[in-house]
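Worksheet: the structure to be examined is printed underneath.
Order of the sequence lines sets the chain letters (A, B, ...), proteins ahead of strands, with each chain counted from 1. No hydrogens, no waters, no symmetry mates; every other heavy atom, side chains included, goes into these values.
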There are 2 protein chains.
Amino acid sequence: MEKHEIKKAGLKVTLPRVKILSLLEKHGGHLSAEDVYKLLLGEGEEIGLATVYRVLTQFQTAGLVVRHNFEGGQSVFELDHGDHHDHLVCLRCGRVEEFVDDTIENRQQAIADRHGFTIKDHALVIYGYCGDPNCQKDD
Amino acid sequence: MEKHEIKKAGLKVTLPRVKILSLLEKHGGHLSAEDVYKLLLGEGEEIGLATVYRVLTQFQTAGLVVRHNFEGGQSVFELDHGDHHDHLVCLRCGRVEEFVDDTIENRQQAIADRHGFTIKDHALVIYGYCGDPNCQKDD
DNA sequence: TTATAAATGAGAATATTTATCATTATCATA
DNA sequence: TATGATAATGATAAATATTCTCATTTATAA
């Protein structure tokens with residue numbers, strides 16, 4: 001139940017927050033603030049875009065969602081299930097796939113150590129063309 | 001000589017282009033469009049911000065510079081010396097360090113293959129606190 | 001030198017995100 | 001359950017980053 005998670009985050013349980021959280025659960029995917037806004041409109045919810053941004057940022061601070069800055073302007077958000085993962089992004093159709101690779105994770109830590117860095121976060125995004133025939137064909 | 005590279009890129013050799021290219025060479029670092037604009041102003045060059053963006057984008061298309069989308073709004077640009085590398089970014093002081101790790105590169109290729117992706121580009125950024133004592137101390 | 005096509009500068013326009021503020025809703029407590 | 005302190009919302013303005021427009025200027029091939 002979403003209400004519990006929102007309460008745990010120290011936030012009041014409001015309609016916009018419940019709706020946005022369940023939307024993210026339903027879609028699983030990687031949604032921009034505007035995606036969320038439009039999906040809410042489609043469901044007949046009159047929730048302002050400013051509220052969407054505000055709530056997503058609060059969820060991010062609370063650790064409920066993660067924010068990614070892929071190429072192309074808009075940030076995208078997804079539920080944080082605690083399992084860190086990296087991304088493959090198709091430049092043609094926008095499809096996003098996830099992956100985890102322990103070898104890469106370990107190498108990153110070793111590199112940070114060598115440079116005297118304390119890792120707070122990291123982002124690995126592979127951009128390319130996905131397996132779909134429409135995305136593989138040349139320009 | 002910068003003029004040659006500009007000409008090779010199929011662009012006319014103009015003062016803004018020569019200045020911007022030599023600025024990137026001089027600084028080596030990772031400059032935002034606004035950084036470039038202000039540095040030019042500091043040198044007494046009256047080059048518009050729009051021109052800076054335009055030229056940087058053209059250089060990117062021509063393969064002369066690479067553009068990175070680190071966290072925090074602005075894109076940063078650096079000369080493309082042909083040697084791909086990834087980045088460590090300090091969240092406190094903004095320092096940027098570069099690294100290459102063949103193991104990570106190979107794993108990425110393997111992952112893309114497994115997912116049926118054709119890699120066009122990739123970005124690995126490790127965010128954290130660098131070795132500087134001021135950056136390591138707690139909040 | 002000159003004609004042509006491209007580049008520039010200034011400011012408008014766009015896109016994304018954040019801030020402001022008056023109004024409304026939540027929720028602990030009475 | 002009613003209530004009041006506090007937080008959240010929606011509408012809009014503002015801030016930020018980047019791109020577009022267009023009249024003027026400049027580079028360069030002939």
Side-chain angles (χ1 to χ4, degrees), chain A residues 1-23 30-41 43-62 64-77 94, chain B residues 1-23 30-41 43-62 64-77 94:
Chain A
M1 179 57 125
E2 301 91 17
K3 295 187 183 176
H4 206 239
E5 300 180 71
I6 295 173
K7 206 168 277 179
K8 259 198 308 186
L11 300 167
K12 288 187 179 174
V13 178
T14 63
L15 189 120
R17 285 179 183 150
V18 173
K19 287 287 171 189
I20 290 171
L21 194 51
S22 67
L23 230 174
H30 302 74
L31 302 176
S32 69
E34 206 177 343
D35 290 338
V36 171
Y37 175 66
K38 285 182 177 161
L39 286 167
L40 289 170
L41 281 186
E43 292 184 356
E45 299 295 341
E46 303 267 322
I47 295 173
L49 182 57
T51 300
V52 173
Y53 272 105
R54 215 168 8 209
V55 168
L56 287 172
T57 304
Q58 289 162 340
F59 284 177
Q60 181 194 4
T61 304
L64 292 177
V65 313
V66 202
R67 177 192 198 125
H68 303 290
N69 301 288
F70 296 157
E71 280 181 10
Q74 289 171 302
S75 299
V76 298
F77 301 81
Chain B
M1 181 54 125
E2 300 91 19
K3 295 187 184 178
H4 205 240
E5 301 180 72
I6 296 173
K7 207 166 278 180
K8 257 198 309 187
L11 300 167
K12 288 187 179 175
V13 178
T14 63
L15 188 121
R17 287 179 180 148
V18 173
K19 286 289 172 188
I20 290 171
L21 195 52
S22 68
L23 230 174
H30 303 74
L31 302 175
S32 69
E34 207 179 343
D35 290 337
V36 171
Y37 175 66
K38 285 182 178 162
L39 286 167
L40 289 170
L41 281 186
E43 293 185 355
E45 300 295 340
E46 303 267 321
I47 295 172
L49 182 57
T51 300
V52 173
Y53 272 104
R54 217 166 8 209
V55 168
L56 287 172
T57 303
Q58 290 161 340
F59 284 177
Q60 182 194 2
T61 304
L64 292 177
V65 313
V66 201
R67 178 192 196 124
H68 302 292
N69 300 288
F70 296 157
E71 280 180 12
Q74 289 170 303
S75 299
V76 298
F77 300 81

Beyond-backbone contact of B:Gln58 with B:Leu64, side-chain heavy atoms, under 4.5 angstrom: no
A:Tyr53 side-chain N/O to C:dT17 phosphate OP1/OP2 under 4.0 Å: yes
Evaluation steps, side chain to side chain donor-acceptor pair (under 3.5 Å), between B:Arg54 and B:Thr57: CA-CA 5 Å; B:Arg54 217 166 8 209; B:Thr57 303; over 6 Å; no
Nearest-neighbour nucleotide for the A:Gln74 side chain, D:dA17, C:dT16, D:dG10 considered: C:dT16
A:Val52 and its side chain to side chain contact (heavy atoms under 4.5 Å, CB included) partner, picked from A:Val36, A:Leu39, A:Leu31, A:Asp35: A:Val36
Whole angstrom value for the distance that separates C1' of C:dA15 from CD of A:Glu34: 9 Å
Gap between atoms CG and P, on B:Asp35 and D:dT18 respectively (whole Å): 11 Å
Main-chain N/O of A:Val55 paired with A:Arg17 side-chain donor or acceptor, under 3.5 Å: no
Touch class at under 4.0 angstrom, heavy-atom based, for A:Ser75 against every strand present: sugar-phosphate
Neighbour count >12 (heavy atoms, 6.0 Å) for atom CD, B:Glu46: no
A:Ile6 CD1 - D:dA7 P separation (whole Å): 17 Å
Protein-nucleotide distance (B:Tyr37, atom OH; C:dA10, atom C1'), rounded to Å: 10 Å
Phosphate-side-chain proximity, B:Arg17 and D:dA27, N/O vs OP1/OP2 below 4.0 Å: no
Phosphate contact (D:dG10 OP1 or OP2) by A:Thr51 side-chain N/O below 4.0 Å: yes
B:Ala50 or A:Pro16, whichever maps to the more 5' nucleotide of DNA chain D: A:Pro16
Nearest heavy atoms of A:Phe77 and A:Val65, plus distance in Å: CD2-CG2, 4.2 Å
Atom pair distance, as rounded to whole Å: CD in B:Glu71 and P in D:dA17: 15 Å
Separation of atom CG in B:Leu49 from atom C1' in D:dC20, rounded to whole Å: 13 Å
Integer-rounded Å distance: C:dT17 C1' and A:Asn69 CG: 12 Å
Per-nucleotide protein contact string for nucleotides 21-30 of chain C, where B marks a base within reach and S marks sugar-phosphate only (heavy atoms under 4.0 Å, - for neither): -----BS---
Sub-4.5 Å side-chain heavy-atom contact between B:Ile6 and B:Val18: yes
Nearest-Å distance for atom pair NE2/P, residues B:His4 and D:dT28: 13 Å
